[in-house]
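One-based numbering along the sequence shown.
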Amino acid sequence: MKEFILSETETEEAVLVAIITQKQDERTTNEYLDELAFLADTAGARVVKRYTQRMDRPHSVTYVGKGKLEEIRAYVAEHEIGMVIFDDELSAKQIRTLEEALKVKILDRTSLILDIFAMRAQTANAKTQVELAQYKYMLPRLTGLWTHLERQGGGGGSAKGGSVGLRGPGETQLEMDRRIILNRMSLLKSQLKDIAQQKATQRKNRGRLIRVALVGYTNVGKSTTMNLLAKSEVFAENKLFATLDTTVRKVIIENLPFLLSDTVGFIRKLPTDLIESFKSTLDEVNEADLLIHVVDISHPTFEEQIEVVNRTIAELGAADKPMLMLFNKIDAYEHVPKEEDDLTPKTKENITLEELKATWMAKMDKNCLFISAKERQNIEYLKEVIYNRVKELHVQRFPYNDFLFQTYEELEE
């Protein structure tokens, strides 16, 4: 497949492109571009310019209008930019046209996310899932992206693709490549099925422990929260998708043990194929008895991020799970005080944290908590709430079990 991954020593300059529509206004588009810039930075690229255009919908061939495309082409050529990244998923036709017009590497949001996933994948499970997602992305784009698969091997870097026995009489290169991809995808799906069965067996062997899963948008502080609660060293970084593999740790609060898992972060416009490929990792969400939805309250669009996560959880079939809302990064929350004579309505940008807590969050009562994992603020209260919820769930499930009174040493045996 085409190489999207940037080497650690190479920093490419990139231009971002998005469109403003009736469904996606200018403010939302700029927020999406901010996120796209963060994605690019995570992948190792430096964003030097942004372009937006008002359109009813993306152009079916050039994404933007011809005039805007010429403007981008001139800037890219003058400043020797190596890559242009589009905020929406591009078709094979759009990619071919844009590559011919701009003479640079063309990426869309999906391929950039796949690039980051490929960089972050550490275990065989994650690498297999990423490779499958890459093939699903590339299959409908073969005519624009593929160059002799049998010479380059698998998309995730873990397997060599071969054409022996696949070449038929009169078969075109495109048809042969398609067959190679489909065969490889079939093998990867089989491998993921085996991995899923192994994980299901592992979950069964965990005994009668209540399971708690941290979920949330990417980069909201799930791994940092995990480290505090589990006293572990889960990798945490101020980058998107810092970890892909679900990490499970046994946590003991007072005399009560339970299992805590840290799942992959969600993001807007996350490709359905990617969610599908990572089902085995996200099974921890379905298996959980309690979800802790971690939210970055300092982010200007945290409410939209909440909607994205809730929608993804619903797609996974876990919308009915008990949930705690955990608002993190209260230390980073900022507001701009209004002038006394300012009659503009209050927004998230000009109200205090206490005023914000008194909004719809107040109705959630003890299901809504506020912490700073980084500064360790309100962590003891968080532990107290989790303890009470886990104890309640355990008593509901095992009413006659003396499990709660077993010692840590007995549980370890």
Side-chain angles (χ1 to χ4, degrees), residues 2 4 12-43 45-116 136-145 217-218 240 266-275 299-301 303-305 307-308 311-312 347:
K2 207 174 215 183
F4 295 136
E12 287 192 58
E13 292 185 332
V15 167
L16 308 184
V17 183
I19 61 170
I20 302 167
T21 66
Q22 290 183 340
K23 294 182 179 180
Q24 182 175 299
D25 60 20
E26 184 174 3
R27 179 190 66 82
T28 303
T29 299
N30 285 326
E31 289 171 359
Y32 283 7
L33 283 175
D34 288 342
E35 189 170 83
L36 191 65
F38 200 178
L39 284 166
D41 176 68
T42 300
R46 185 169 66 89
V47 175
V48 296
K49 183 77 171 177
R50 300 181 181 192
Y51 287 96
T52 59
Q53 184 175 25
R54 293 184 182 274
M55 301 178 70
D56 291 336
R57 64 182 66 85
H59 193 282
S60 60
V61 179
T62 56
Y63 184 78
V64 292
K66 290 184 179 180
K68 181 63 68 174
L69 184 62
E70 174 56 30
E71 184 182 343
I72 297 170
R73 188 205 63 76
Y75 181 87
V76 166
E78 180 182 353
H79 295 86
E80 299 182 346
I81 306 300
M83 155 171 56
V84 178
I85 308 172
F86 293 79
D87 191 46
D88 294 296
E89 194 166 301
L90 301 174
S91 67
K93 188 174 185 179
Q94 287 172 323
I95 292 172
R96 287 197 309 273
T97 304
L98 291 168
E99 283 182 335
E100 291 172 2
L102 302 178
K103 309 298 183 186
V104 295
K105 179 163 53 182
I106 301 298
L107 275 71
D108 58 17
R109 176 180 275 253
T110 301
S111 60
L112 186 59
I113 291 173
L114 286 172
D115 174 27
I116 296 169
K136 285 183 175 180
Y137 171 82
M138 294 188 65
L139 191 59
R141 297 169 176 80
L142 276 180
T143 52
L145 296 178
Y217 209 78
T218 183
L240 300 181
F266 304 139
I267 197 168
R268 284 176 288 203
K269 301 184 182 181
L270 188 65
T272 303
D273 286 342
L274 206 53
I275 296 175
H299 197 282
T301 61
E303 287 180 314
E304 290 181 29
Q305 293 185 352
E307 292 177 7
V308 170
R311 191 162 55 245
T312 307
T347 65

Query raised in the report: Do Asp88 and Gln94 pass the side chain to side chain contact (heavy atoms under 4.5 Å, CB included) test, and can you show the C-alpha distance, the side-chain angles, and the key distance before you say yes or no?
Result: CA-CA 11 Å; Asp88 294 296; Gln94 287 172 323; over 6 Å; no
Query raised in the report: Within the side chain of Thr97, is there an N or O that forms a donor-acceptor pair under 3.5 Å with the backbone of Lys93?
Result: yes
Nearest-0.5 Å distance that lies between atom [atom1] in [X] and atom [atom2] in [Y]:
| X | Y | atom1 | atom2 | value |
| --- | --- | --- | --- | --- |
| Thr62 | Leu90 | OG1 | CG | 10.5 Å |
| Tyr51 | Lys68 | OH | NZ | 7.5 Å |
| Ile95 | Glu100 | CD1 | CD | 12.0 Å |
| Leu102 | Glu70 | CG | CD | 9.5 Å |
| Arg96 | Ile106 | CZ | CD1 | 13.5 Å |
| Ile19 | Thr29 | CD1 | OG1 | 8.0 Å |

Query raised in the report: Going through the distances and angles, do Leu16 and Asp87 end up as a side chain to side chain contact (heavy atoms under 4.5 Å, CB included)?
Result: CA-CA 7 Å; Leu16 308 184; Asp87 191 46; over 6 Å; no
Report task. List the steps and the verdict of side chain to side chain contact (heavy atoms under 4.5 Å, CB included) for Thr52 and Glu26. Result -> CA-CA 9 Å; Thr52 59; Glu26 184 174 3; 5.8 Å; no
Report yes if the side chains of [X] and [Y] come closer than 4.5 Å at any heavy-atom pair, otherwise no.
| X | Y | result |
| --- | --- | --- |
| Arg57 | Thr21 | no |
| Tyr137 | Leu114 | yes |
| Tyr217 | His299 | no |

Please name the pair of heavy atoms, one in [X] and one in [Y], separated by the smallest distance, quoted to 0.1 Å.
| X | Y | answer |
| --- | --- | --- |
| Tyr32 | Arg109 | O-NH2, 3.2 Å |
| Ile81 | Ala14 | CG2-CA, 4.0 Å |
| Leu112 | Ala40 | CD2-N, 3.7 Å |
| Ala45 | Met83 | CB-CE, 3.7 Å |

Query raised in the report: Do you know which of Ile113, Val308, Ile267 makes side-chain contact (heavy atoms from CB on, under 4.5 Å) with Thr218?
Result: Ile267
Report task. Enumerate the residue pairs fulfilling ring-ring contact (aromatic ring centres under 6.0 Å, His included) with a member in residues 53-100, sequence neighbours excluded, ordered by first and then second residue. Result -> Tyr63-Phe86, Tyr75-His79
Requested in this report: Report the C-alpha separation of Glu89 and Arg141 in whole Å, then their side-chain angles, then the decisive distance to 0.1 Å, and conclude whether the salt bridge (charged side-chain N to carboxylate O under 4.0 Å, His left out) test is met.
Outcome: CA-CA 11 Å; Glu89 194 166 301; Arg141 297 169 176 80; 2.8 Å; yes
Report task. State which residue, out of Glu13, Glu99, Glu12, fulfils the salt bridge (Lys or Arg N to Asp or Glu O under 4.0 Å) condition with Lys105. Result -> Glu12
Requested in this report: Under the side chain to side chain contact (heavy atoms under 4.5 Å, CB included) rule, collect the residues that match up with Glu304, sequence neighbours excluded.
Outcome: Arg27, Glu31, Arg268, Thr301
Report task. Could you go through the side chain to side chain contact (heavy atoms under 4.5 Å, CB included) check for Leu98 and Val84 one step at a time? Result -> CA-CA 9 Å; Leu98 291 168; Val84 178; over 6 Å; no
